[in-house]
Amino acid sequence: MNERIKFLKKDLFKNEREISIERALLYTESYKETEGQPQIIRRAAATENILNKVEISIREKEIIAGNRTVRPRSGIISPEMDPYWILEEIDTMAVRPQDKFKFTEKDKAVYKEELFSYWQEKSMKDSIECNIGDDIKVSVKEKIVKLNQTDKGQGHIIPDFETVLNNGLGYLNRKISDKLKENPENEFYQASKIVLDASEKHILRYAELAEEMIKTETDNVRINDLKRIAEVSRKISKDKPESFLEALQLLWYVCVILQYESNASSISLGRVDQYLNSFYVNDLEKGISENELKEYLEAFYIKTNDVVLVRSSNSAKFFAGFPTGYTALLGGLTAEGRPAVNELSYLFLEAYKDIQLPQPNLGVRVNELEPRKFIKKTCEIIRLGTGIPQIFNDEVIIPSFLIRGVSLEDARNYSVVGCVELSIPGKTYGLHDIAMLNIMKIMEKVLLRNKGNNRITFQFIIDEIKNDIKKYVKLMAEGSNIVDEGHRIYAPVPLLSVMVDNCIEKGKDITEGGAKYNFSGVQGIGMPNLSDSLYAIKKFVFDEKRYTFNELVDVMENDFNTENGEEMRLRLINDEDKYGNDLDNVDDLSSEILRLYCKEVEKYDNPRGGIFIPGSYTVSAHIPLGEVVGATPDGRKSGEQLADGGLSPMFGRDKLGPTAVLKSVSKLDNVLLTNGSLLNVKLSPGPLQSDQGLENFVNYIYAYMKLKIQHIQFNVVGRETLQEAQLYPEKYDNLVVRVAGYSAFFTELNEKIQNDIINRTEHVF
C-alpha cells in the first residue's frame with residue numbers, strides 16, 4: 001500500500017458520519033414539478049434532477065472520482081419510500097445503539113417542514129400498509145413473519161457490468177434510442193432515455209470539475225492526476241473504456257449513479273475478475289506495471305467503503321454494521337465448465353491484504369477443478385482475521401440453480417448479492433431478503449398452545465410445527481408480493497433495468513418483470529435451535545420421561561425461574577446431543593423441517609412471473625429475532641439470541657471440532673437453498689500461522705467442498721483480542737470482523753452483537 005492509498009484510507013474516516021438530505025430535496029423538487037405524469041417518468045426525472053444538481057467533489061489525492069456525498073461516509077435518506085421512521089428517529093440517530101448518524105438541527109427543520117410534509121400519505125410505505133391484510137399483519141405482530149424492503153429502494157442485484165464496460169454507456173443509449181423510435185409511447189424507453197442522458201452529463205460534470213481545479217492547482221503531480229480524471233471521464237461518459245483505470249472509473253461512476261436512482265443496498269459487483277480481466281491484461285501488455293494497476297484497484301476498494309446506508313433503528317438490528325453489499329466473487333467456472341481463475345483473481349486478493357476494510361465484500365467460488373494454489377492464497381487472506389473472503393461452493397450452487405430453471409451456462413456464471421444471496425449477474429431480479437420466517441417463534445407458539453394436552457406425542461408436535469410453517473409461509477409469500485407490487489408502483493428503476501438482460505427487449509422495468517429470471521427470496525430462521533429443542537423434548541420428555549411436557553412448558557413460560565428451573569436449564573444446555581456435533585439423531589430433525597420449509601416456499605409465485613426460492617441466513621437478525629422468542633427447550637433463556645448465521649450451531653454447543661460442524665450441515669438438503677445459506681466458523685488464529693496450519697486449513701476447505709455445503713465464512717480472531725477491543729475500543733478502531741454474510745468494524749457493533757461474536761466456539765484444526 002503506497003502513500004496515496006494510505007492517505008485515501010485514513011481520509012475516508014476523518015469525519016463522523018452525517019445525514020445528507022440533498023438527494024431527498026432534489027428528488028422532492030422534481031416530484032413537485034411532475035405531478036400527474038406516469039410514475040416511471042417521474043422517477044427518471046427525479047434521478048435526472050439529482051444527477052444534474054447534486055454537489056460533487058474530487059477529494060484530495062483521488063485518482064478515481066465519484067462520490068455519493070461530498071462528505072465521506074454520509075448517509076442519504078429516501079422519504080419517498082418511508083418518511084415516518086425518519087421523523088420518529090430524527091432526534092435519536094446520533095445516540096442509538098447501532099449505526100449512529102449526526103443529523104444537524106438545520107437539516108432536521110428542513111426535513112420536518114419540507115420533506116415530511118410533502119411525503120406523508122404519498123410514500124411507498126403508505127401504499128404497502130394499505131394493502132396488507134389483517135391476517136398478514138397479525139403474523140407480523142406475532143413476530144413470526146418479518147417483511148423487509150418496505151422503507152427503501154430494492155437493490156440486491158448485479159447489473160450487467162460486463163456489457164456496460166465492453167460497450168460503454170453510449171451503446172446502451174443508442175439501443176434505447178432505437179427502441180424509442182420503434183415504440184415512442186413506451187414509458188420504460190422514455191424513462192430510460194432520460195436517465196441515460198443524465199448519466200452521461202453527470203460524468204462530464206467531473207471532467208469539468210477536474211479542469212476547473214487544474215486552474216488553481218500548483219502541484220505538478222496533482223495537475224497530472226486531475227488531467228487524467230478529466231480525460232478519462234470525458235471518454236467514458238459515452239465511449240467504452242480501454243484501460244484498467246478507465247474500466248474501474250466507469251464501474252464506480254455507474255455504482256454511484258445507481259445509488260442516486262434508488263438509494264438501495266447491495267447493488268453488487270459480481271464476478272469482477274472475469275469482466276475486468278481483459279482491461280488488466282491489455283494494460284500489462286502495454287507495459288503498465290502491476291504495482292500501478294494494483295494502486296488503481298486499491299483506490300477502487302476504498303471507494304466502496306464510502307457508501308454507508310441509513311437504516312431505521314429496528315432495521316439496523318437486523319443488518320448491523322453498514323453492510324452496503326459491494327459483494328464480489330472471484331474464481332469459479334467459465335460458461336464451458338473450465339476453471340475461471342486468472343492472474344487478476346490473485347491481484348484482487350493481494351490488494352485486499354493491503355486495504356483490510358469491510359468493503360468490497362469479497363468471496364471466492366471453489367470447485368473440484370480450481371487450482372489448489374488459489375485456494376491456498378484464499379486461506380492466507382482469511383487468516384488475516386477480517387472475515388474476508390467468504391467461500392461459495394460451485395459443487396452444490398450450480399445444481400441448485402439448475403433445479404430452478406436456470407440454464408447451465410447462466411448457472412455456471414452465478415455470483416452473490418448483499419451478504420450470501422445467490423444470483424445470476426445481469427439477468428436476475430431476485431427480490432432477495434424480502435422476508436424472514438422465525439421458525440423458533442412457530443415452535444414456541446405450538447408448545448404453549450398445547451400445554452395441558454395430556455395426550456400429546458412427539459410426532460404430534462412435529463406435525464403441528466409443520467402445519468404452522470405451511471400456514472405462515474403462505475402469509476409470508478402474500479405479504480412479500482404486496483411489497484413487490486409496492487416497488488413496481490412506486491419505485492421503478494429504469495437505469496438499473498437497462499443493465500439487466502431482457503428488460504430492453506421486453507420494454508419493461510425489472511419491477512414489472514423485465515428480467516430474464518424473476519425470483520423472490522425468503523429466509524427460514526432458527527433451524528439449529530429448533531433441532532436442539534426438538535431433540536431435548538424427544539429425549540427428556542418422551543424417551544427418558546425425566547420431565548412431563550407440562551413441566552417443560554411451565555418452566556419455559558417462567559423463563560426457568562422456578563424452583564428447579566436453573567437445574568433443568570443447565571441440564572438442557574450441557575446435554576451433549578446438539579446440532580453441530582455430527583449426530584444423526586439430532587441433525588435429521590432440522591433436515592426434515594428445513595426440507596419441509598423449502599418445499600412449501602417453492603409452491604408460490606410472484607407478480608413478476610417468477611417463483612419464490614428459499615434461503616436460510618440471518619445477517620445479524622439472530623439477535624432481534626431471538627429477542628422476541630421466549631425460553632426454549634434447548635436451554636435458551638427468553639430474549640437470548642438464536643444461533644448465528646442461519647445454519648451455524650448455537651454458540652458453545654459445537655464441541656467436537658470444526659469437521660463435525662461440516663458433517664452436521666451437510667445432512668441438510670443444501671441444494672434447495674437457492675436464495676443462499678450461511679455457515680459461520682470461528683478459528684483460533686495461532687495454529688493457522690504455521691505452514692502446516694495453513695495446509696490443514698486448505699484441506700478443511702476441500703472437505704467443505706466435497707460435503708456439498710453452499711457457503712462458509714470464518715472469523716480468525718482470538719477471544720482475548722475481541723474482549724480487549726470491547727473494553728478499549730479506541731485501541732481497536734481498525735479491527736474488522738465477520739458478523740454474518742458481511743464484515744464490519746468490531747467497535748461499531750452494539751454490545752449484543754459483539755458478545756455474540758466473542759461467544760462463538762473457537763475451533764482448532
Side-chain angles (χ1 to χ4, degrees), residues 127-129 131-140 142-150 154 156-157 400-406 417-418 420-424 427-439 441-442 463-489 508 510-527 592-618 621 646 668-677 710:
S127 173
I128 291 172
E129 290 295 324
N131 286 291
I132 290 180
D134 290 341
D135 49 354
I136 300 171
K137 287 181 179 177
V138 169
S139 72
V140 172
E142 290 176 319
K143 307 299 183 181
I144 293 174
V145 172
K146 169 79 167 63
L147 296 178
N148 299 321
Q149 317 300 351
T150 63
Q154 168 58 237
H156 289 83
I157 194 169
S400 185
F401 273 117
L402 293 176
I403 67 172
R404 306 299 180 199
V406 174
V417 298
V420 297
E421 300 95 309
L422 306 171
S423 189
I424 309 300
K427 298 177 185 290
T428 303
Y429 180 46
L431 210 63
H432 305 278
D433 201 33
I434 189 63
M436 295 179 175
L437 187 72
N438 192 340
I439 295 175
K441 192 67 180 176
I442 289 176
D463 291 342
E464 286 280 282
I465 290 172
K466 287 182 177 179
N467 288 334
D468 274 17
I469 287 175
K470 293 176 183 178
K471 168 187 171 182
Y472 286 107
V473 164
K474 181 176 185 292
L475 293 172
M476 178 173 64
E478 291 173 355
S480 298
N481 282 343
I482 292 168
V483 176
D484 199 340
E485 283 287 283
H487 281 272
R488 180 184 66 81
I489 296 167
K508 288 184 177 181
I510 56 169
T511 59
E512 201 176 6
K516 181 177 181 179
Y517 301 114
N518 288 279
F519 301 124
S520 292
V522 292
Q523 320 317 325
I525 307 299
M527 291 299 173
E592 178 184 356
I593 300 293
L594 181 61
R595 182 174 175 80
L596 180 277
Y597 165 76
C598 291
K599 300 309 287 185
E600 284 302 306
V601 168
E602 291 173 3
K603 293 179 180 179
Y604 295 97
D605 298 328
N606 64 38
R608 291 169 283 114
I611 61 172
F612 276 77
I613 54 174
S616 188
Y617 60 85
T618 66
L668 305 173
D669 203 345
N670 285 272
V671 77
L672 294 178
L673 296 169
T674 316
N675 196 52
S677 63
Q710 271 194 14

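No hydrogens, no waters, no symmetry mates; every other heavy atom, side chains included, goes into these values.
The residues Glu600 and Lys466 are annotated as not salt-bridged, no charged nitrogen and carboxylate oxygen being separated by less than 4.0 angstrom.
Atom CG of Leu422 is separated from atom OG of Ser677 by 7.5 Å, given to the nearest 0.5 angstrom. The line from CE of Met436 to OG of Ser480 is 11.5 Å long, rounded to the nearest 0.5 Å. Taken from OG in Ser127 to CD in Glu485, the straight-line distance is 9.0 Å, to the nearest 0.5 Å. Atom CD1 of Ile144 is separated from atom OH of Tyr472 by 3.5 Å, given to the nearest 0.5 angstrom. With values rounded to the nearest 0.5 angstrom, Arg595 atom CZ is found 13.0 Å from Ile593 atom CD1. A distance of 15.5 Å separates NZ in Lys441 from NZ in Lys146, rounded to the nearest 0.5 Å.
Below 30°, between 30° and 60°, or above 60°: for His432 and His156 the angle between ring planes is between 30° and 60°, a tilted geometry.
Nearest heavy-atom pair, Leu437 versus Tyr597, reported as atom, atom and distance to 0.1 Å: CD2-CE1, 3.8 Å. Closest heavy-atom contact between Ile525 and Tyr617: CD1-O, 2.9 Å. The heavy-atom pair separating Asn148 from Val483 by the smallest distance is O-CG1, 3.7 Å. Shortest non-hydrogen contact noted between Gly486 and Ile128 is CA-CG1, 4.2 Å. The two residues Asn481 and Pro607 have their closest heavy-atom pair at OD1-CD, 3.2 Å. Contact record, Leu672 with Lys599: CD1-CD, 4.2 Å, taken as the closest heavy-atom pair.
For the 3.5 Å distance criterion, the side chains of Thr674 and Ser400 qualify, holding a donor opposite an acceptor.
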Determine whether Asp484 and Ile434 satisfy the following criterion, side chain to side chain contact (heavy atoms under 4.5 Å, CB included), listing intermediate values before the conclusion. CA-CA 8 Å; Asp484 199 340; Ile434 189 63; over 6 Å; no
Can you list the steps and then say if Glu602 with Arg404 is a side chain to side chain contact (heavy atoms under 4.5 Å, CB included)? CA-CA 9 Å; Glu602 291 173 3; Arg404 306 299 180 199; 3.0 Å; yes
Working for side chain to side chain contact (heavy atoms under 4.5 Å, CB included), residues Leu431 and Phe519: CA-CA 6 Å; Leu431 210 63; Phe519 301 124; over 6 Å; no
Show your reasoning for whether side chain to side chain contact (heavy atoms under 4.5 Å, CB included) applies to Gln523 and Thr618. CA-CA 8 Å; Gln523 320 317 325; Thr618 66; over 6 Å; no
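The 12-atom threshold is not exceeded at NZ of Lys474, counting heavy atoms of other residues, nucleotides or ligands nearer than 6.0 Å.
Counting heavy atoms from C-beta outward, Ile482 and Ile136 have side chains that approach closer than 4.5 Å.
Of the possible donor and acceptor atoms, one in the side chain of Gln710 sits under 3.5 Å from a partner among the backbone N and O of Leu673.
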